[in-house]
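Read through the structure below, which is laid out as structure tokens, and then see the notes.
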Amino acid sequence: MLASQQGRRSTWDRWSGMLFVAPYLLLFVLMLVVPLVIGFRLSLTRGDLFGIREEVGFANYGRLFADPVFIQVIWNTLYFVVLTVPAFAVLGLLLALALNQQSRWAAVLRAIFFASTVLSVTVVTLIWRLVLLPEQGLAAVLANAIGAEPVAFLSSQATAMPAIAVTTIWWGIGLPMVLFLAALQQVPRDLYEAAALDGASRWRTLRSITLPSIKRTMVLVIIVEIILQFQLFGQAQLLTNGGPNNSTRPIVLFIYEAGWKQWQLGYAAAAAQILFAMIAIAAMAQYYVSSRRDAA
Amino acid sequence: MPLRYLAFPLAALAALSACGERDDRTEITVQRFFGACQAEYGDVIDPQEAEGECGIITAMINQFEAENPDIKVVENTVFWPGYDQLTSQIAANGPPDVVTMHSSAIPDYEARDLLEPLGEDLPALGLTADDFTAAARAGVTVDGEVMGIPIDVWAPLWHINLNLFREAGLVDSQGRPIMPRSTEEFLEHADRFVEATGKPYFIQVTTKDLAGPSRIFQVYMMQQGDPVFPDPRHADFDNARGREVLKFMRDVYAGGYSVRDQDYAANVSAFLRGMGGILVDGTWMVGQFDAAAHDPDSPLYQGYAVRPVPMMFDGPPVSLVDGHNWVMPRDSSRTPEERAAALRFLRFFAENDFQWARTGHFPAYRRIIDSAQWQGLPHRDDIAIITEIGQPLPNYVRRQAPIELIVGEEVSAAFTGAKPIDAALRDMERRTNDVLQSF
């Protein structure tokens, strides 16, 4: 009798737990899993926004990997991620360390560094165009002032992507900074007091107390930024439109052009699946590496 | 639930619904590009008082509403060119009643049976297809069917800073600009110009907005005669003609005769600041530059001229043209009254096309081209030849807009030296054919 009561209770507990997660699970399936499946299904077809014309199997994937423009686009995207993600992690942490104080100036500076994050991509690119224009931009004025030749940042293959990366870092640095600030404020003060009593240097304190205490946030920042920066679109479209010579076209811009400009919906969907796989692999790899380090 | 609990909300609802005045007018949705300028022209109902594409079209729509009080026009202004939005609207079964569309985009929508043919409606509009100019008619006709009502025809032009041309001695005895008649003469003039003024002869887009380089390339290809698109599925760029054009464009850039690192906005700004001799831009800029030519503070003061792109190669006289049109997307929910109202709107625009032609675009109607009124507008004499020699790309060529960007990207890579000419031509052709064979 007792066993049967316990069995009923455990079944009830299991199902009541399911009831709590059901609303989110339902939304997750409807808004993420179903579109993902539809997207994959579309990637096996040829058609446009007005209908599927035929099933083509994996032909779209074959076309993509035979397309030199798409191969270049993958490298462009990886290059951008390499340029921005470490910078977000390092600069975000440095800013958070510098501004993790209770002074009025620290509060003002926190607000200033976070302010750019709330701007739209249109405003951000407009501001940076005014900085980067080779004839009348701020960078050109500064170059002329010191007698140097102005650099055409956005029309040189060597500098266009770094210029987009700088724009993006300026725009998005607020988020990692705030995440690191929140983590820093969770580190117990008595650890720092003990380190001070032991005469630990600031570098030693950072290495032995601060960094180990915020490593989960570091992993979070890196994974979030990987996911965000793989999806570069607006900055590249508005600053360079993918040029010069295809050197700044990221995958999302490629997907947009294939799907909306060229009406190749299946082809665009196949590129989107590859982007999904790239983001998933990069984020999982980062998670795996950091989990192994934790276990060791 | 006792009724008294419902009494107050019901009374409030009734009171609210009484606030709105009943509107029995037939409503049509007009979707257009050309920008938004309601703040400046929202109350103007006489197009004569408006300037520029945005001002004139806003005033014309206002005038139509004022003259047709039984029709309510919902004006939906889209970011140029607005096809992403239109495509979404059609896919979601909510298209506008009439919408602006480039001639070069009509074949894409027509091929998917998304537009209503309007040929049978022409008598109701007081029109026949013969009323259109040849270029306008070619722009709206697909497989013999009239798919839209043309608004204008436009073409890339050479806008000229005559003051700098005078400085370089590149004007004839009557003060008209001397145009080159071959690529060799172009380079000779350019050399003379740079030496005399210290400024570049040629202002062209070199980065980001690559429709410009694409059009220059297409014009030079057309000037050599043979078709660039021999059939609907193939482009023919990778040949001796293409190499000759790209070599010439490369010579212009490498010789220091062209501006560098400029997008479209920088181009227009450079020309208005008197930073170069020739700007390649469309008909839509004639009005603005002519206004600058009357402004004593402008570097263009009493020194602006405009010409068709001169013949630089040995083919038949030709100019690349495109056009703006009104089209009517298919919509099964459109009532006969709404359709009739939309047709009245189209008739109004056809009757008042002269006002639109003040923008600098070519009128779509022969009677306006032939009128003293249009011929009396500034600079029209100098470019009117385009109404005879203008040719759009063949209307069997679909996806013209993305192809234009592909061609522009490869052309600019070639003439700026980022890519060898042979590789650019090969990639241009491969990428274009890939798009043409994708549907």
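The shown structure was predicted, so the numbers you read here are calculated from the model rather than taken from an experiment. No hydrogens, no waters, no symmetry mates; every other heavy atom, side chains included, goes into these values. A, B, ... follow the sequence lines: proteins, then strands. Residue 1 opens every chain.
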Exercise. What part of B:D209 is in contact with chain A, defined as an atom under 4.5 angstrom from a non-hydrogen atom: side chain, backbone, both or neither?
Worked result: neither
Problem set entry | Heavy-atom pair with the smallest gap, counting every atom of A:N241 and B:K208 | ND2-O, 3.6 Å
Seminar exercise, completed: If one checks every heavy atom of A:E257 against chain B at 4.5 Å, the contacting part turns out to be neither
Exercise. So which of A:G47, A:G242, A:P68 has the biggest tally of heavy-atom pairs under 4.5 Å with chain B?
Worked result: A:P68
For this session: For residues A:K261 and B:T87, determine if any side-chain heavy atom of one lies less than 4.5 Å from a side-chain heavy atom of the other.
Result: no
Problem set entry | Which atoms of A:L133 approach chain B - backbone, side chain, both or neither, heavy atom under 4.5 Å | neither
Exercise. Of the listed residues (B:Y109, B:F439, B:Y83), which shares the most heavy-atom pairs with chain A below a 4.5 Å separation?
Worked result: B:Y109
Problem set entry | Greater than 12 external heavy atoms within 6.0 Å of B:Y396's OH | yes
Exercise. With a 4.5 Å limit on heavy-atom distance, are the side chains of B:D434 and A:R63 in contact?
Worked result: yes
Exercise. Going by residue number, which parts of residues 50-60 of chain A are within reach of chain B, meaning a heavy-atom gap below 4.5 Å?
Worked result: A:F50, A:G51, A:R53
Problem set entry | Which portion of B:D427 sits near chain A, non-hydrogen atoms under 4.5 angstrom | neither
For this session: Could you check which of B:T416, B:L114, B:L210, B:L405 has the highest count of heavy-atom pairs closer than 4.5 Å to chain A?
Result: B:L114
Problem set entry | Straight-line distance of B:D263 CG to A:T240 OG1, nearest 0.5 Å | 11.0 Å
Exercise. Which residues pass the side chain to side chain donor-acceptor pair (under 3.5 Å) test with B:T206, sequence neighbours left out?
Worked result: none
Seminar exercise, completed: Under 4.5 Å to a heavy atom of chain B? For A:P134 that would be side chain
Problem set entry | Most contacts with chain A, counted as non-hydrogen pairs under 4.5 angstrom, among B:P402, B:A266, B:A424, B:A414 | B:P402
Exercise. Taking every heavy-atom pair that is under 4.5 Å apart, which of B:E410, B:R430, B:K419 has the most such pairs with chain A?
Worked result: B:R430
For this session: Just give me the residue among B:S412, B:A401, B:S88 that pairs up with chain A most often, heavy atom to heavy atom, under 4.5 Å.
Result: B:S88
Exercise. Are side-chain heavy atoms of A:W263 and B:R112 found at a separation under 4.5 Å?
Worked result: yes
Exercise. Any idea which heavy atoms bring A:L49 and B:A91 closest together, and the distance?
Worked result: O-CB, 3.9 Å
For this session: Identify the two heavy atoms, one from A:R46 and one from B:S438, that lie closest to each other, and give their separation to 0.1 Å.
Result: NH1-O, 3.3 Å
For this session: Report yes if some heavy atom in the side chain of B:I406 is under 4.5 Å from a heavy atom in the side chain of A:Q262; otherwise report no.
Result: yes
